[in-house]
Every structure is written in structure tokens, then in C-alpha cells.
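Worksheet: one structure, shown below.
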Amino acid sequence: MKILLSISMLISLSLFSQNKDIPSQQELAKDNIWRFFPDIPKHFLRNLAYSTRARDYDFLLNEYFENNGRNPFKVFQGDNIHMTPNEESHPSFANDDFYFDDVSKTEFGVCSGLTYLMRKFHQLSFYDPENILDLSIPLEGKNPKAWFSFYKEKIDRVYKLKPAIFPGFKNFNELSAHPKLGRYLKELTLAQWIEKNMTIAGLIQLDRTFQKKMPFNEVEDLYHDLAFRLSLGYKPIIHASAFNKKKIFPEDKWSIIYDKNKREEFKKNFKDVKENLWIHVLNVYKVEKIDDIGSFAIYTWDINSVSMDEVPKKIIIQANGKIKGDFSNVGAVYLYPHDDYEVSQIVINKLEWCTKSDTHKKLCLSRKIED
């Protein structure tokens, strides 16, 4: 009921754009509202697979726990250079209107899009600045279309969770700083934002902003979940949100259908919540216990700034569910829904790619082309 009503209100929100040639984020959201409907059965199938441990991720974990020398998560071994914030691994643009004004008017921010895109490049992109592999690269000055197509194909591979080698670039920061490629990466950031938010899981995150505090068992589970995923060699992604005191739904939710006044009240409340909403999506690179009663610190890689002084952010979750740290308004923190599905596809695709040649194997294990 909540899901269907929320979708109907998203459709009815007023849309605007100051530049007719550049769509607003609201326009992009409305154009993609249809994504919710095919996602409804997918969402419940994912939850069923989760409850029955029938996901690819669970099969990979079985391999890992069997300890038979076939650890599928070994493909993350070479990614340790991206496990803590550094300038070379950070995008050259941030989750800020200023950086996206050439592709969209971003009313909501694109933290989920940029956070997921950055992690994909950390895990799946490899760099050959001197072109040691001697790949045939079109000259940008003589044939700019062919040059762009050459790199676009590689960027698209990473976006689709497949590994790619980028000759002529040193790292992700340099790649994203190129005017043409950087603009395309910003377009993909918006596409990623749509994919992660125009889903049932995205709406569920909105609903979680109305709880009062995290229960003790959820605090304890979060620590163990994050610590285990980090031990596998990849950065888990969390959803942090502020508490929103405004109630969207009346006590009798069905009254919205037949009571005009209730519908108008719901519409107004929905807009008020949207204007006061704070949700942030972050890569986690470290967790640390801070006392013996269950409190712990989460170290996150923030994409709201390009200044490395402002990138590492800490969230402290106390055993009683209260939260403090560098984000003063955080009320709840959860693993981003269905993140395990993406991680499992990365592992599967990387396992195949890493065994194709000795060069690929070296890149996967050490990120070096030559010894």
C-alpha cells in the first residue's frame, strides 16, 4: 500500500527545469517512474533468494567457507590500493550542483550514483599509462569520434560490472578529469542514481527515515556485516539517513483513496518530507570497535567534496542506537539493499576475466602489468 501510494505521489510532483536543453533531476525521475512496476516482482524474488540463501553471493560464500583453496573473493586482492581514500582513486568531480550543471539540474544530489560508480571503477578498472600492452588507440586530435568510442566502450564495460584496461591514463581521478570522458561519467552517474533509486528498495529507504532510533540488535548486526564484507576485500555501501518527524500517511491509509482532503494532506506532507529529507550513500573502508558494550565507528569515503581533507568521514554508532560523528544529523545506518547482488556479479565477471591471460592475472592480483 505504502509503495503504490508513494509511486503515485512521485508521478504527481511538479517538475521544472531552468534550461530546456538540460533535464532536471525531477524530470529524469518522472521519465523513469515506470521502473518501479517491473521492479516489484524482482524485489520480492530477491528477498526470497535472500531468505533461502539461493543467491550467487551465497554460493560464492560457500566456496569461501569451504576453505578448499578456491577463494572467489581473491579477485579483490589487487584492489587494496583503493581501500582507503586517496586522491588517485577519488573522482575529479563531487556530489555538488556545480559539477553537474552541464548534464542536469540536480535537486536531490546524486550520492548513490557517484558512490556506486566510484566503487565499480575501484574494482574493475585497470590502468596502463605508458600503453605497455600496445593497444591501438585512435588519435584524439585526428579522429575524436573514434577516440571517444574507444574509451566509451571500456567505460561502459565497467558500468556493466565487467573489467576493462584504460591505456594512456594513470588512475580513475585522471580519467574522470578528462573533459569529454568526465562528462560521460557524470551522465552515467545520473543513470546510476536512477537505477538505484527508481526501485522498491529505494522507496524502502525513505520509509526508514521515520524510525526513532536503531535497535540494539541492528547496531550489533551492522558492525558484523560491515566487518565481514571488508574482510572479503571490498568496500560495502551504506545508506545513512536523518530522522524525519513529519508523518506522510494518515492512520487510516486507505482513506487517501476515497477522501479528497486526506489526499491533499498526504500530498502536502509528502512535499514537506521531500524538502527536509536527508539521505546519504557512502562507501565504507573501515569499522572499529570503540568500547566493550557494542559501540563502534564507521569510516566512510565521502563523495561530497574533491578535497581529500574532507573525504574521510566517521560515523559513531553507540550501542543504544544513538549516532554521532562527522554527520551530525544521522539517525539510522543500514547496508544498502541488495548490494550483495552487485558484488556477486563483479566477482563472477572478474573471475572469468582474471583467468584469460597472465597479464589479466597479474593485474587482478597486484595491478601491475609487469613484474
Side-chain angles (χ1 to χ4, degrees), residues 2 6 47 50 83-85 94-96 108-112 114-116 119 196-197 200-232 234-249 251 269-270 272-305 307 309-340:
K2 280 187 179 182
S6 297
N47 285 345
Y50 179 85
M83 283 301 288
T84 54
N95 176 39
D96 186 282
F108 310 121
V110 290
C111 62
S112 59
L114 188 50
T115 292
Y116 265 93
R119 190 180 69 174
K196 295 300 179 184
N197 288 279
I200 303 306
L203 285 182
I204 289 172
Q205 301 320 295
L206 173 65
D207 187 56
R208 279 181 165 168
T209 64
F210 296 96
Q211 68 179 64
K212 292 182 180 179
K213 70 175 183 178
M214 294 181 68
F216 174 77
N217 66 308
E218 292 185 355
V219 172
E220 189 175 29
D221 288 347
L222 181 63
Y223 171 79
H224 291 296
D225 286 342
L226 292 174
F228 176 69
R229 284 162 173 76
L230 285 166
S231 74
L232 294 177
Y234 73 91
K235 297 184 294 297
I237 290 178
I238 58 169
H239 165 278
S241 61
F243 290 143
N244 206 319
K245 296 179 181 180
K246 191 78 173 179
K247 288 184 66 176
I248 294 182
F249 296 96
E251 294 299 323
N269 289 345
F270 193 94
D272 289 344
V273 166
K274 182 175 72 69
E275 289 172 3
N276 295 291
L277 192 64
W278 186 89
I279 294 175
H280 201 25
V281 179
L282 298 148
N283 276 233
V284 174
Y285 65 90
K286 180 183 175 182
V287 291
E288 181 179 59
K289 284 278 182 97
I290 56 177
D291 60 35
D292 295 330
I293 61 173
S295 303
F296 66 97
I298 302 174
Y299 295 81
T300 68
W301 190 322
D302 191 17
I303 39 71
N304 280 351
S305 173
S307 169
D309 292 335
E310 300 175 16
V311 167
K313 296 287 176 62
K314 183 164 68 172
I315 300 172
I316 298 172
I317 303 185
Q318 298 174 315
N320 62 5
K322 292 184 178 179
I323 301 175
K324 59 182 182 178
D326 291 331
F327 299 108
S328 60
N329 55 338
V330 175
V333 176
Y334 291 97
L335 282 170
Y336 205 82
H338 306 311
D339 187 35
D340 293 344

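Residue-environment remark: NZ (Lys322) stays at or below the threshold of 12 foreign heavy atoms within 6.0 Å. Summarising the local packing, CG of Asp292 is surrounded by 12 or fewer heavy atoms from other residues, nucleotides or ligands at distances under 6.0 Å.
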* Asked: Can Leu335 and Leu226 be said to form a side-chain contact (heavy atoms from CB on, under 4.5 Å), step by step?
  -> CA-CA 8 Å; Leu335 282 170; Leu226 292 174; 3.6 Å; yes
* Could you go step by step and tell me if Leu222 and Tyr334 meet the side-chain contact (heavy atoms from CB on, under 4.5 Å) rule? -> CA-CA 7 Å; Leu222 181 63; Tyr334 291 97; 5.7 Å; no
* Kindly indicate, with the supporting measurements, whether the criterion side-chain contact (heavy atoms from CB on, under 4.5 Å) is fulfilled by Trp301 and Thr115. => CA-CA 9 Å; Trp301 190 322; Thr115 292; over 6 Å; no
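Of all non-hydrogen atoms in Tyr336 and His239, the two that sit nearest each other are CD1-CB, 3.9 Å. In this structure, Val333 and Ala240 approach most closely via the heavy-atom pair CG2-CB, 4.2 Å. Between Ile279 and Ser241, the shortest heavy-atom contact is CG1-CB, 4.0 Å. When all heavy atoms of Tyr285 and Thr84 are compared, the pair lying nearest together is CD1-CG2, 3.9 Å. The two residues Arg119 and Lys235 come nearest to each other via the heavy atoms NH1-O, 2.8 Å. Scanning both residues, Val110 and Asn95, for their nearest heavy atoms gives N-OD1, 2.7 Å.
Within the structure, side chain to side chain donor-acceptor pair (under 3.5 Å) contacts touching residues 220-232 (residues at least two apart or in different chains) are Arg229-Asp340. Residue pairs meeting the salt bridge (charged side-chain N to carboxylate O under 4.0 Å, His left out) criterion with at least one member in residues 277-287, sequence neighbours excluded: Lys286-Glu288.
Checked against side chain to side chain contact (heavy atoms under 4.5 Å, CB included), Ala297 has the following partners two or more places apart in sequence or in another chain: Ile290, Tyr299, Lys314, Ile316. Under the salt bridge (charged side-chain N to carboxylate O under 4.0 Å, His left out) criterion, Lys196 pairs with Glu342, not counting sequence neighbours. Evaluation of the side chain to side chain contact (heavy atoms under 4.5 Å, CB included) rule for Asp302 yields His280, Leu282, Asn304, Lys313, Phe327 as partners, not counting sequence neighbours. Take Ser305 and apply the side chain to side chain contact (heavy atoms under 4.5 Å, CB included) test, not counting sequence neighbours, and it matches Ser307, Glu310.
A distance of 7.5 Å separates CG of Asn197 from SG of Cys111, quoted to the nearest 0.5 Å.
Put simply, the side chain of Thr300 does not reach to within 4.5 Å of the side chain of Asp326, judged on heavy atoms. Taking the side chain as every heavy atom from C-beta outward, Asp339 and Tyr116 approach each other to under 4.5 Å. Side-chain contact between Val281 and Ile303: absent, with no pair of heavy atoms (C-beta onward) separated by less than 4.5 Å.
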